[in-house]
Amino acid sequence: MAIYNKHIECMPREQITRLQSDRLIKQVTRMYDKVALFRARMDERGLKPSDIKGVEDLSKLPFSYKNDLRDNYPYGLFAEPLSKVKRLHASSGTTGKQIVVGYTQNDLDMWAGCVARMLTGVGASKDDFIQVSYGYGLFTGGLGAHDGAQRIGATVIPTSSGNTKRQITTMLDFGSTGLMCTPSYAMYLGESVEEMGVKDNLKLKFGIFGAEPWTEAMRHEIEDKLNIKAYDIYGLSEIMGPGVSYECECQQGMHVCEDYFIPEIIDPVTCEVLSPGEEGELVFTTLTKEAFPLIRYRTRDICSINYEPCQCGRTHVRMNKPQGRSDDMLIIRGVNVFPSQIEEALLKVSGSDISPNYQIIVGRENNVDTFEVNVEMSEKLFADDIKSIEKIEKQITSQLRSTLGIGAKVNLMNPKSIERSEGKAKRVVDTRNFKDNM
Ligand code: DLL
């Protein structure tokens with residue numbers, strides 16, 4: 001497959017390190033000058049920009065946190081005058097209080113270039129018709145994907161999310177060859193394509209999905225339903241949006257655009273920097289961002305990174321699929337539970353009997369946490385006799401208990417009864433209301 005910017009994407013490690021060091025020194029100096037919070041944190045540690053001589057000094061620098069964005073809302077962390085800010089995006093997170101991020105023209109150009117790297121790497125070109133079904137608006141998905149697709153000269157079909165039947169009609173009539181949306185929405189589109197019986201008329205070749213955790217099993221299901229090859233893309237509003245990292249054709253992790261972002265993995269408790277391959281919290285430093293730079297931003301995403309050479313020829317480090325954020329973690333009857341563990345347990349049961357659609361319901365009765373997992377049956381199981389259904393229910397219950405160490409009430413639901421998402425799936429309904437995750 002083609003490489004969009006070979007000079008950068010295949011740069012030898014020593015050169016990447018040199019480039020990162022030069023950029024880091026400039027970024028730290030600039031931020032010390034322009035961002036009061038960063039200056040204060042450096043001063044607290046007795047650090048001056050001249051103490052930072054290269055990437056080897058990264059771990060001396062202070063962390064930044066989502067709460068910094070909230071506390072300095074809306075423009076307190078911007079490093080350029082607003083007259084230079086050409087676009088704003090926002091994200092609400094789980095507590096609903098939004099954060100805002102800004103981009104200069106150079107930032108927007110960098111962003112489009114990152115998404116263009118991914119698109120080129122999966123074989124997309126000016127001859128493609130790319131349907132962008134991520135939401136357009138303050139969410140970075142829609143416009144981020146749009147600008148990248150436009151950058152490679154493809155024909156962009158900006159449907160945004162929602163209006164599922166019309167999405168499919170558009171896909172068929174306009175001859176979409178690529179689809180960009182959340183994996184949950186891709187599943188939903190796939191189910192609707194099946195219902196409409198039009199799978200064989202689709203011209204889709206590839207799909208680029210991200211913005212939420214998704215499993216390999218879900219990838220296969222989407223590929224099967226839409227007859228495509230499905231790729232993963234990662235990003236977050238605070239750092240840029242989609243394209244911070246992306247899968248190449250080898251699909252062995254996502255290459256981080258290392259000329260713009262330095263990833264680190266830390267132990268979320270001790271904050272110690274961990275070695276490649278060790279799992280921990282992902283932290284990003286932006287090297288060239290002008291309007292909204294961040295140093296050592298704690299993403300709360302849990303994953304590991306890998307510097308081994310990739311078969312595709314790219315040298316940029318790869319991160320594995322984040323399996324959720326540390327703030328997605330639920331504490332149920334004193335036990336730590338990640339939604340992704342539940343998904344994994346469900347997948348171990350039986351692929352063809354249950355669908356990957358599930359919802360976790362947590363509540364509190366008489367001072368004790370209640371924990372239920374609603375799982376959709378496949379059409380096949382639904383049509384089966386009651387004994388088979390009970391058997392699967394028991395299997396799920398025991399699988400959950402052995403994976404999580406606590407019991408859950410499992411409710412097998414009718415096919416298609418759990419609400420479908422047009423954006424990120426809502427996997428957890430927690431009515432306890434005592435936990436402020438952020
Ligand atoms: O979700 C940006 C984006 C849009 C990425 C479109 C990819 C595609 P936020 O709304 O700020 O930004 O949410 C960022 O979503 O910290 C992760 O927890 C999660 N996330 C994003 N991509 C992936 C992925 C966008 N590929 C948060 N796999 C991040 C797993 C992901 N989780």
Side-chain angles (χ1 to χ4, degrees), residues 65-66 69-70 88-101 103 111-112 114-115 117-119 122 130 132-149 160-161 178-186 207-216 218-219 222 230-248 251 253-257 261 263 268 279 281-284 286 292 294 297-304 318-329 338-340 343 421-428 437-438:
Y65 306 87
K66 189 148 195 169
L69 278 70
R70 298 226 163 87
L88 296 172
H89 279 285
S91 148
S92 55
T94 48
T95 58
K97 194 179 165 202
Q98 68 176 351
I99 54 143
V100 62
V101 294
Y103 306 78
W111 186 7
C114 291
V115 178
R117 286 180 194 179
M118 158 146 218
L119 284 163
V122 305
I130 300 183
V132 179
S133 308
Y134 284 115
Y136 279 62
L138 290 174
F139 174 53
T140 53
L143 283 166
H146 182 112
D147 287 352
S160 193
S161 60
L179 172 68
M180 298 177 84
C181 63
T182 61
S184 336
Y185 196 41
I208 296 180
F209 309 122
E212 61 181 355
W214 53 309
T215 55
E216 284 303 315
M218 196 154 161
R219 188 201 302 261
I222 295 170
Y231 297 89
D232 200 357
I233 185 168
Y234 167 90
L236 63 166
S237 326
E238 298 92 308
I239 297 302
M240 183 177 79
V244 172
S245 69
Y246 58 92
E247 269 185 344
C248 61
Q251 301 196 303
M254 294 182 273
H255 291 282
V256 176
C257 294
F261 313 108
E279 192 158 90
E281 180 179 342
L282 181 62
V283 170
F284 275 115
T286 67
F292 195 80
L294 283 172
Y297 180 70
R298 307 255 322 236
T299 65
R300 301 184 185 214
D301 286 324
I302 305 293
C303 68
S304 63
R318 283 168 287 164
M319 55 181 266
N320 65 358
K321 251 179 193 315
Q323 287 308 312
R325 296 190 111 170
S326 53
D327 43 320
D328 289 338
M329 189 181 80
F338 278 100
S340 57
E343 192 157 336
S421 163
E422 293 169 352
K424 304 191 190 213
K426 186 168 168 50
R427 299 284 189 209
V428 180
N437 275 326
M438 309 315 274

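Whatever order the structure lists them in is the order used to number ligands and atoms, beginning at 1.
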Does ligand 1 have any atom that is closer than 4.0 Å to a heavy atom of K424?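 Checking ligand 1 against K424, which is what was asked, there is a heavy-atom contact under 4.0 Å.
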Counting heavy atoms only, which part of L236 comes closer than 4.0 Å to ligand 1: side chain, backbone, both or neither?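 Near ligand 1, L236 shows its backbone as well as its side chain.
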Does the N or O separation between T299 and ligand 1 drop below 3.5 Å for any pair?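 No - when backbone and side-chain N and O of T299 are compared with those of ligand 1, no distance drops under 3.5 Å.
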Flag I233 as yes when one of its N or O atoms lies below 3.5 Å from any N or O atom of ligand 1, and as no otherwise.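 Yes; the residue has a nitrogen or oxygen that sits under 3.5 Å from a nitrogen or oxygen of the ligand.
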Residue, atom name and distance, where the atom is the protein heavy atom closest to atom 11 (O) of ligand 1: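 Result: S237 OG, 2.5 Å.
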Atom 18 (O) of ligand 1: the protein heavy-atom neighbour that sits closest, reported with distance to 0.1 Å: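 The protein heavy atom lying closest is D301 OD1, 2.6 Å.
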Listed by chain and number, what are the side-chain hydrogen bond (donor to acceptor under 3.5 Å, both in side chains) partners of E343, not counting sequence neighbours?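 T215, Y358.
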Minimum heavy-atom separation for E238 to V101, with atom names?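 What the structure gives for the nearest pair is CA-CG1, 4.0 Å.
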Nearest heavy atoms of E247 and A230, plus distance in Å: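 Between these two residues, the closest heavy atoms are OE1-O, 4.2 Å.
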Is there a donor-acceptor pair closer than 3.5 Å between any side-chain N or O of [X] and the backbone N or O of [Y]?
{"X": "T140", "Y": "S237", "result": "no"}
{"X": "T182", "Y": "A211", "result": "no"}
{"X": "E281", "Y": "R300", "result": "yes"}

Could you list the atoms of ligand 1 found under 4.0 angstrom from a heavy atom of D232?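 Answer for ligand 1: 24 (C), 26 (N).
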Ligand-residue contact atoms, ligand 1 with R325, heavy atoms, under 4.0 Å: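 In order of numbering, the contacting atoms are 16 (O), 18 (O).
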Taking side chain to side chain contact (heavy atoms under 4.5 Å, CB included) as the test, write out the residues that go with L143, two or more places apart.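 Side chain to side chain contact (heavy atoms under 4.5 Å, CB included) check on L143 returns R87, H89, Y136.
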Just to be sure I'm reading this right: ignoring hydrogens, which of [options] gets closest to [atom]? Compare them by their nearest heavy atoms.
{"atom": "atom 15 (O) of ligand 1", "options": "A211, G141, G243", "result": "A211"}
{"atom": "atom 30 (C) of ligand 1", "options": "K66, E212, E238", "result": "E212"}
{"atom": "atom 8 (C) of ligand 1", "options": "Y134, F209, F139", "result": "Y134"}
{"atom": "atom 2 (C) of ligand 1", "options": "V101, T140, L282, V115", "result": "T140"}
{"atom": "atom 5 (C) of ligand 1", "options": "S340, A90, G235", "result": "G235"}

Pair E216-K321, side chain to side chain contact (heavy atoms under 4.5 Å, CB included): steps then yes or no: CA-CA 10 Å; E216 284 303 315; K321 251 179 193 315; 3.7 Å; yes
Within the 4.5 Å heavy-atom criterion, are F139 and Y134 side-chain neighbours or not?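 Side chain of F139 against side chain of Y134, heavy atoms only: contact under 4.5 Å found.
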